[in-house]
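Below is one structure, written out as structure tokens; comments come after it.
Labels below follow one simple rule: chain letters A, B, ... track the order of the sequence lines, proteins then strands, and each chain is numbered from 1. It should be emphasised that the depicted structure is a prediction, and the values quoted were computed from it without experimental measurement.
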Protein chains: 2
Amino acid sequence: MSLTQLRYFVAVAEEGHAGRAALRLHVSQPPLSRQIRALEEELGVALFDRTAKGMSLRPDGAALLPRAKQILSDVASLADGIRTRPAPNRS
Amino acid sequence: MSLTQLRYFVAVAEEGHAGRAALRLHVSQPPLSRQIRALEEELGVALFDRTAKGMSLRPDGAALLPRAKQILSDVASLADGIRTRPAPNRS
DNA sequence: CATGCTTACGGATCACGTAACCATG
DNA sequence: CATGGTTACGTGATCCGTAAGCATG
């Protein structure tokens, strides 16, 4: 499991559509599809239902979504927090 | 920034020694050294002091350590939580 | 037959391990 | 000169993008 996979998963979950998620992420659909599938295989569960209209969350995917977003948010704030701390002054 | 880099960072921080960290992670020292350096460059700060005895945490590294451990722990529990949830029954 | 996810395939990028190198006490 | 981190270098794996394939309404 990688942060990239979590980012891709969140984008697809929020867009409900791999094409739009790919645009949002500036990648093409195949890598997206592959990473989602790899994540599902690693976890051993189906995260989405593939319909003719797009991809919709299944229960396990819905359970994963908020936690994935939390982790990504934590990672981002960690990076920013360190980067914007050139010296330990809190004046 | 990748989860691998955070794992490498935590191992070196806790061991205070790249050689032992490498054994613990089942990799060799050079990849470890490179990933730590890449992380430092990405963040724009020095995380460790390189001494003749090993690597010791600098203030920015000490600030990063607990947050990195938290994220890794969250990721692990997320994966386990989904994996051990074959059906959404909470009987 | 139009839309949307998936598989095939070739090429670039990244990460590792061995070996050689450099610094410190 | 022994210990420990770093750089060099070649190889193997991973990931992407284009193109072709397949399913559904």
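Looking at residues 9-20 of chain B, you'll see His17(B), Ala18(B), Gly19(B) sit with a heavy atom under 4.0 Å from some atom of DNA chain D.
Note on residues 4-13 of chain B: pairs passing side-chain hydrogen bond (donor to acceptor under 3.5 Å, both in side chains), not counting sequence neighbours, are Gln5(B)-Gln35(B). The stretch residues 36-47 of chain A participates, sequence neighbours left out, in these salt bridge (Lys or Arg N to Asp or Glu O under 4.0 Å) pairs: Glu40(A)-Arg50(A).
Taking atom CG of residue Leu23(A) and atom C1' of nucleotide dG4(C), one finds them 13 Å apart after rounding to whole Å. The distance between atom CD of Glu41(B) and atom P of dC14(C), rounded to the nearest whole Å, is 14 Å. A straight line from NZ of Lys53(B) to P of dA2(D) spans 15 Å, rounded to a whole angstrom. Taking atom CG on Leu39(B) and atom C1' on dG5(D), their separation rounds to 17 Å, with Å as the unit.
Of all the heavy atoms in Leu25(A) and Ala11(A), the pair that sits closest is CD1-CB, 3.7 Å. Closest non-hydrogen pair, Ala22(A) versus Leu32(A), comes out as N-CD2, 3.6 Å. Shown here for Arg58(A) and Phe48(A), the closest heavy-atom pair between the two residues is CD-O, 3.3 Å. Nearest heavy-atom pair across Ser77(B) and Arg67(A) is OG-NH2, 3.1 Å.
Side chain of Ser28(B) to backbone of Pro30(B): no donor-acceptor contact under 3.5 angstrom is found.
The CE atom of Met1(B) lies 5.5 Å from the CG atom of Leu43(B); values are rounded to the nearest 0.5 Å.
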Under 3.5 Å, side-chain donor or acceptor atoms of residues 68-76 of chain B against the rest of the protein: list the pairs with distances, not counting sequence neighbours.
residue, atom, partner, partner atom, Å
Lys69(B), NZ, Glu14(B), OE2, 3.0
Gln70(B), NE2, Asp74(B), OD1, 2.9

Exercise for the section: Sugar-phosphate means primed atoms, P, OP1 and OP2; the rest is base. With that split, encode nucleotides 15-25 of chain C 5' to 3' as B, S or - using protein heavy atoms under 4.0 Å. Expected result: SBBBB----SS

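When base pairs are accepted only as Watson-Crick or G-U wobble with both N-N or N-O distances under 3.5 Å, DNA chain D takes part in stems of 3 or more pairs at C:1-25 with D:1-25.
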Handout entry: Candidate pair Thr51(A) and Lys53(A), rule side chain to side chain contact (heavy atoms under 4.5 Å, CB included), full reasoning
Key = CA-CA 5 Å; Thr51(A) 80; Lys53(A) 287 283 187 180; 3.7 Å; yes

